Asks: 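Here you go, one structure.
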Amino acid sequence: MQKVKKAVIPAAGLGTRFLPITKAVPKPMLSVLDKPTIQYITEELDSVGIEEIIIVVSPGSDVIQKHFGPAEELEKRLLSDGKKKLYDIERETQKYNVKFVVQETANGLAGAILCAEKYVGNEPFVLLLGDELIYAEKGQKPCVKRLVEIFEKTGKSVIATIEVFGDDVSKYGNIGIKEEEDGVMTISRIVEKPSLSEALSNYAIIGRYVLSGEVMGMLKKLTPRNNELYLTDVLDELSERGDLLASSFSDTRYDVGDKFGYIKANVEFALKSAEIGEETKEYIKKLAEKL
Ligand code: G1P
């Protein structure tokens, strides 16, 4: 059984949909409640004991490194003011072994993953796309843990999938399913963002994957299409050989790369918050009466 010890988070998008905030603030630092989206993603890995996280950033994203780095003055201040709880919250950000690589030019998802090659080599890795938050309720097995368990049991790459309908089918990588057992599917084909008539099924790839050790080598051999390197091309090759699985999951997914998805995440995390959950609920109820 091969253990998964590495994780790659491509987070180099410019976030132009969120201008003007993304002019000076890198998109992964946009906050849901009081935490940047990138930290929610590193926290998803807490359940699987990853040893090294590689974050692929765009040039000028130093503030992300700062977020995961030391903060001596702030810590001294919090301790001397007796703010131990806030001190602990700050220390949490430093518990990850994070490496940063800069993607100089945007050349597709596969291009972003290849930036992490020097750290990943030919080891298996978890891939978490920075625009999605996957939230597991307490007691629920997190999506990433489920994927890692499937990989460690089968040795095959595995992707998370959800069902989508209507025009949404064309927004995602699309999966042709061969067989399904207990929510784990064998895959016949993958197509990237098909038109409705080209779609193989209603199953979409979402941004959580565990990829086997051979994938980095396969990515290196890709030829660009439309100036981009597509991870989907490698996934399709794996699926044709019977080496790719998909898994459904029951966590809640937020598309925080989209304005409405981002607002939904903020509202729902505020409702879950021990600090402001109750007052948020009362506020929303009152507001809803006026809508
Ligand atoms: C990428 C992948 C696509 C996948 C999607 C999930 O697309 O290429 O296969 O369905 O992430 O969010 P992007 O959203 O980066 O265009």
Side-chain angles (χ1 to χ4, degrees), residues 7-18 22 26-28 30 37-38 40-41 44 55-58 103 105-116 125-135 143-144 147 157-177 185 187-196 198-211 215 218-219 222 224-240 244-249 251-262 264-265:
V8 177
I9 308 177
L14 294 178
T16 47
R17 276 194 277 178
F18 280 83
T22 46
K27 186 170 61 159
L30 293 190
T37 54
I38 189 75
Y40 286 99
I41 296 176
E44 276 185 54
I55 303 183
V56 184
V57 296
S58 49
Q103 184 180 23
T105 39
N107 60 343
L109 178 53
I113 302 167
L114 278 169
C115 295
F125 59 99
V126 187
L127 174 68
L128 305 99
L129 303 192
D131 273 346
E132 295 169 53
L133 303 188
I134 311 281
Y135 177 83
C143 172
V144 162
L147 298 182
S157 296
V158 52
I159 58 188
T161 180
I162 54 169
E163 278 189 278
V164 290
F165 300 94
D167 290 344
D168 281 349
V169 169
S170 307
K171 291 185 189 158
Y172 298 95
N174 187 266
I175 305 175
I177 306 290
M185 302 149 207
I187 298 178
S188 53
R189 285 291 314 276
I190 298 261
V191 283
E192 180 68 5
K193 305 197 178 91
S195 64
L196 279 181
E198 291 161 340
L200 306 167
S201 74
N202 285 104
Y203 285 98
I205 303 176
I206 62 103
R208 299 292 179 271
Y209 318 62
V210 174
L211 299 172
V215 165
M218 292 169 78
L219 290 172
L222 279 175
R225 296 187 278 125
N226 322 316
N227 293 322
E228 290 201 8
L229 296 170
Y230 286 87
L231 172 64
T232 307
D233 291 350
V234 167
L235 298 179
D236 193 34
E237 206 178 318
L238 289 173
S239 59
E240 282 184 54
L244 186 66
L245 301 172
S247 171
S248 57
F249 60 93
D251 321 28
T252 311
R253 170 179 175 270
Y254 299 96
D255 179 0
V256 291
D258 166 81
K259 271 185 198 161
F260 184 52
Y262 177 75
K264 278 202 278 190

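Note that these values count all heavy atoms, side chains included, but never hydrogens, waters or copies made by symmetry. Numbering of ligands and ligand atoms starts at 1, following listing order. Being a predicted model, the structure only gives us computed values, none of them experimental.
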Asks: Anything under 3.5 Å between an N or O on ligand 1 and a protein N or O? List each pair with its distance, or write none.
Replies:
residue, atom, partner, partner atom, Å
ligand 1, 7 (O), Lys193, NZ, 3.3
ligand 1, 8 (O), Glu192, OE1, 3.4
ligand 1, 8 (O), Glu192, OE2, 2.6
ligand 1, 9 (O), Gly173, N, 3.2
ligand 1, 9 (O), Glu192, OE1, 2.7
ligand 1, 9 (O), Glu192, OE2, 3.4
ligand 1, 10 (O), Gly173, N, 2.9
ligand 1, 10 (O), Ile205, O, 2.6
ligand 1, 12 (O), Glu132, OE2, 2.5
ligand 1, 16 (O), Lys193, NZ, 2.6

Asks: Considering residues at least two apart in sequence or located in another chain, which fulfil the salt bridge (Lys or Arg N to Asp or Glu O under 4.0 Å) criterion with Asp255?
Replies: none
Asks: Residues two or more places apart in sequence or in another chain: which of them pass side chain to side chain donor-acceptor pair (under 3.5 Å) with Tyr135?
Replies: none
Asks: Return the CD1 to CG distance between Ile187 and Leu235, rounded to the nearest 0.5 Å.
Replies: 8.0 Å
Asks: What's the separation between atom OH in Tyr254 and atom OH in Tyr262, rounded to the nearest 0.5 Å?
Replies: 14.0 Å
Asks: Measuring from atom CG of Leu128 to atom CD1 of Ile9, what distance do you get when rounded to the nearest 0.5 angstrom?
Replies: 5.5 Å
Asks: Can you name the residues that form a salt bridge (Lys or Arg N to Asp or Glu O under 4.0 Å) with Lys264, not counting sequence neighbours?
Replies: none
